[in-house]
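Read the structure below first, then the notes.
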2 protein chains.
Amino acid sequence: MGNTTPFTSPLPAFVAKVSSHCGTCNLRDLCLPIGLTDAELDKLDQIVKHRKRIPRDGALYRMNDPFVNLYAIRVGHFKTFQVNANGAHHISGFQMTGQLLGMEAISAYRHQCNAVALEDSEVCEVPFTDLERLLKDVPVMLHQFHRMMSHEIAQDRHAMLQLGNLRAEQRFAAFLLNLSVRYKNRGYSATNFQLRMSREEIANFLGLTNETISRLLSQFKKIGWIKVNNREIELLNLLTLQTLVEGK
Amino acid sequence: MGNTTPFTSPLPAFVAKVSSHCGTCNLRDLCLPIGLTDAELDKLDQIVKHRKRIPRDGALYRMNDPFVNLYAIRVGHFKTFQVNANGAHHISGFQMTGQLLGMEAISAYRHQCNAVALEDSEVCEVPFTDLERLLKDVPVMLHQFHRMMSHEIAQDRHAMLQLGNLRAEQRFAAFLLNLSVRYKNRGYSATNFQLRMSREEIANFLGLTNETISRLLSQFKKIGWIKVNNREIELLNLLTLQTLVEGK
DNA sequence: CGCCCTGTTGAAACAGATCAACGGAGGTGG
DNA sequence: CCACCTCCGTTGATCTGTTTCAACAGGGCG
């Protein structure tokens, strides 16, 4: 996933800390580094009034909900998943602080998936019509927004590549490395972190079964590539994992 | 794929015919139905000057090419694919008339995949900086553009769902139905069409092998769900195929 | 304490990959 | 125009990774 990403992700800027200002939302943080005036930043603050708390297992939105807001994650983790005709559901991604949720809904004016909190979380509501109005007056913000949507597309393509090409152990290694990069980008450890999702959820996301994930964790642990304790993970050898993902 | 899509795709409008005007590009077609003034349409024409012909197997762009243009397909079919460290490549999608190529590159200012023509094709170059400048002056066009990017995201998610969840025969049925819907949206037959790609390419896209695709074609033909003659396909029972995709 | 949910591990079954052989279509050159 | 070649597609036999089924362990919580 975010392994060899040769490009500057728009996300790091997104999570830059703003200490001085009462910034209501990390959307503001995104926009700070791109040279906005105070007036423009204030406008941004004005449209992003609501903070919303979502408890663990709570739904931020559901499939087919009418599309009104985008949501920027302030704290916590989410999963997005789709439910098909026979009730089976598939997790399309795990989102963390600084990510923008709901972009898939702009097209059809309805949400195309469910977004559920993996832990007690908090988001900023961004009314999309207001945002679009604001964007057209601030070209640099408009551009940044396009980059974020584009980044989402690029990410999804990368995930598809892995679902289609890799064997179970490679997928799982890629999954761990992806989390690693994302935590690193957010200023956390790249090697020690907690899985916020169950084995079952990981398996579902990767198109595998929870048994397979469990076996892989045991196997990786035995080989000495990782330490595992419940959901506590330590990656002992990022390079080897990377090699596994890339190698045939 | 586009099976139960309960939403209005932004694409049909895209391919609406414009008979009266010398519209240089189908991008203009997209924008006609959304109530633009002649002046605004002219502006659009101005930024979309170049038509470009791409021969069969020719590359429209390659991974890591600097991002300058988006490309709207006028005629023909393309595939987009990524190449990983060990040289393996994975097809992330097949594109046809009216689709916009290159949106994955906005984020990192470089193309994240290769786009290659499956047959002699023609595209319109849309310089992105010009487009963005134009968009900010025409809110309705801006909105339409956001819908297109969003649609791309929604599509990719749907494809991921299928890669992760479905068995081989279901994936392949979904693939056929997806083509069916897309041709129908473009005013062609939903049941008779030509596969523009090889078995190998289909297999690669679906995360299977060409042998499996071949077997599935034979099997579907034997059951009486389809007729096949080389790349000529006739879907004899859309509903059954749909049931297969949905059914467990 | 006992229940339920999550995670682990083993053994058997199966879907799809791999290996291999062959047929046919289309293009090229004699 | 035919012979040849190559690429693409088909089909069969075998092999393997992953799923499925099943049993059990541990932790959290009422």
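Here is how names work: the chains are called A, B, and so on, in the same order as the sequence lines, proteins then strands, and each is numbered from 1. Only this structure's heavy atoms are used, side chains among them; waters, hydrogens and symmetry mates stay out.
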If I take atom [atom1] in residue [X] and atom [atom2] in nucleotide [N], what distance separates them, rounded to the nearest angstrom?
X	N	atom1	atom2	answer
A:N210	C:dT8	CG	P	10 Å
B:L208	C:dA17	CG	C1'	10 Å
A:I233	C:dG7	CD1	P	11 Å
B:N229	D:dC8	CG	P	18 Å
A:E201	C:dG7	CD	P	8 Å
B:N230	C:dG23	CG	P	17 Å
B:R215	C:dA15	CZ	C1'	11 Å
B:I213	C:dT18	CD1	C1'	16 Å

**Asked** Less than 4.0 Å between a side-chain N and a carboxylate O, is that true for B:R51 and B:E122?
**Response**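 Yes.
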
**Item:** Residue that, paired with A:M160, satisfies side chain to side chain contact (heavy atoms under 4.5 Å, CB included) out of B:Q162, B:R157, B:M160
**Value:**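 Going through the options one by one, the only one that passes is B:M160.
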
**Asked** Is the gap between the ring centers of A:H90 and A:F81 under 6.0 Å?
**Response**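 Distance test on ring centres: not under 6.0 Å, no.
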
Distance below 4.0 Å between [X] side-chain N/O and [N] OP1 or OP2:
X	N	answer
B:R167	C:dC14	no
B:S214	D:dT11	no
A:T209	D:dT18	no
A:S198	C:dT6	no

**Request:** Show your reasoning for whether ring-ring contact (aromatic ring centres under 6.0 Å, His included) applies to B:H77 and B:F94.
**Result:** CA-CA 7 Å; B:H77 286 72; B:F94 300 106; 9.1 Å; no

**Request:** Would you indicate which nucleotide in C:dT9, D:dT11, C:dT6 comes nearest to any side-chain atom of B:E211?
**Result:**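 The nucleotide sitting nearest to the side chain is D:dT11.
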
**Message:** Counting only side-chain heavy atoms from C-beta out, which of C:dT9, C:dG7, D:dG9 sits nearest to A:R199?
**Reply:**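 Output: C:dG7.
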
**Prompt:** Where does the angle between the aromatic ring planes of B:F220 and B:F172 fall among parallel (under 30°), tilted (30 to 60°) and perpendicular (over 60°)?
**Reply:**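 The rings of B:F220 and B:F172 sit tilted, inter-plane angle from 30° to 60°.
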
